[in-house]
There are 2 protein chains.
Amino acid sequence: MGRGKIAIERIDNATNRQVTFSKRRGGLMKKARELAILCDADLALIVFSSTGRLYDFASSRGMEAILERYQEAKQEHCGVLNPTSEAKQQSPGQPQGR
Amino acid sequence: MGRGKIAIERIDNATNRQVTFSKRRGGLMKKARELAILCDADLALIVFSSTGRLYDFASSRGMEAILERYQEAKQEHCGVLNPTSEAKQQSPGQPQGR
DNA sequence: TTCGCTATCTATAAACC
DNA sequence: TGGTTTATAGATAGCGA
């Protein structure tokens, strides 16, 4: 995009990489926020720049809550404890139905 | 974008919200992957749809590693243990690091 | 180096199938 | 209901200050 097209591979030039990082990070954060609002999704985004700086975004329920929820979901996913819970995932307490 | 412009607010129509979620989730994941590669960043993205389904993406080092790194970084941030480490982050002996 | 400014490229809202 | 297509809104690479 922009004036020219670029390949998706590590940018060698450090200056350029830094500039691109700032711009795309901003864009990604914006998109993340939009998705969370538009679709009422729970979302967490964590980014470490190559210089080690941390940037993050989390939807309204907060980062901690989402990370916890993630750990729980993962456990289920791997352990496959309740086939039932899977089957029910799409309708439960969400009246928004369809 | 697309054929018409939309406001950034929760989409009421459930069907439309679901469609938009799928599309934007895909786009967001793609952007996240590009940022990680282009800028050699360490990145984690966690998304829960409003129906409760989990989707995630993590750069090469893996989700676990990134979440741990996040916890550590947060501690530092809040506790402010090492002013030194902060001060050194942006210029010192890091020609362009990686 | 950081900030703005376009020309372009990409993502995507609707329309179709 | 779910995959394609299309025209347009939005993101952004390269510059210039």
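Quick note on labels: first sequence line is chain A, next is B, and so on, each numbered from 1. Bear in mind that the values here come from a model prediction, so they are computed numbers and not experimental data.
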Checklist entry - In whole Å, what is the span from the CG atom of L35(B) to the P atom of dA11(C)? => result 14 Å
Next on the checklist: Could you check whether the side chain of R3(B) and the base of dT6(D) have a donor-acceptor pair of N or O atoms closer than 3.5 Å, going by distance alone?
Outcome noted: yes
Item to check | Degree of bending, the helix from dT2(C)-dA17(D) to dC17(C)-dG2(D) (end axes from five pairs; round to 10°) | outcome: 30°
Checklist entry - Is there side-chain contact between K74(A) and M63(B), with heavy atoms separated by less than 4.5 Å? => result no
Item to check | NZ/NE/NH1/NH2 to OD/OE distance under 4.0 Å, D42(A) and R69(A) | outcome: yes
Item to check | Contact residues, residues 18-29 of chain A to DNA chain D [heavy atom, < 4.0 Å] | outcome: T20(A), K23(A), R24(A), G27(A)
Next on the checklist: Can you tell me if K31(B) touches the phosphate of dT12(D), counting only side-chain N or O atoms and a distance under 4.0 Å to OP1 or OP2?
Outcome noted: yes
Next on the checklist: Whole angstroms only, please: what is the CG-P distance between N13(B) and dA15(C)?
Outcome noted: 13 Å
Checklist entry - Cation over ring, R53(A) on F48(A), under 6.0 Å and within 45°? => result no
Checklist entry - Would a hydrophobic clustering, with Ile, Leu, Val, Met, Phe, Trp and Tyr connected at side-chain separations under 4.5 Å, put L35(B) with M29(B)? => result yes
Checklist entry - In whole angstrom, what separates R17(A)'s CZ from dT12(D)'s P? => result 18 Å
Checklist entry - Are Y55(A) and F57(B) joined in one hydrophobic group, where the rule is that I, L, V, M, F, W and Y side chains link up if heavy atoms are under 4.5 Å apart? => result yes
Item to check | Distance, nearest 0.5 Å, that separates CG of L43(B) from CG of L28(A) | outcome: 6.5 Å
Item to check | Closest non-hydrogen atom pair between N13(B) and T15(B), with its separation | outcome: OD1-N, 2.9 Å
Checklist entry - For K30(A) and dA11(D), is the shortest distance between a side-chain N/O and OP1 or OP2 below 4.0 Å? => result yes
Checklist entry - Please give, in whole Å, the distance from dT8(D) C1' to I6(B) CD1? => result 13 Å
Checklist entry - Which heavy atom in L38(B) sits nearest to a heavy atom in A7(A), and how many Å separate them? => result CD2-O, 3.5 Å
Checklist entry - Between atom CZ of R33(A) and atom OG of S59(A), what is the distance when rounded to the nearest 0.5 Å? => result 11.5 Å
Checklist outcome for this item: Between CG of L38(B) and P of dA11(D) the distance, given in whole Å, is 17 Å
Next on the checklist: Nearest whole Å is fine: how far is dA11(C) C1' from K5(A) NZ?
Outcome noted: 14 Å
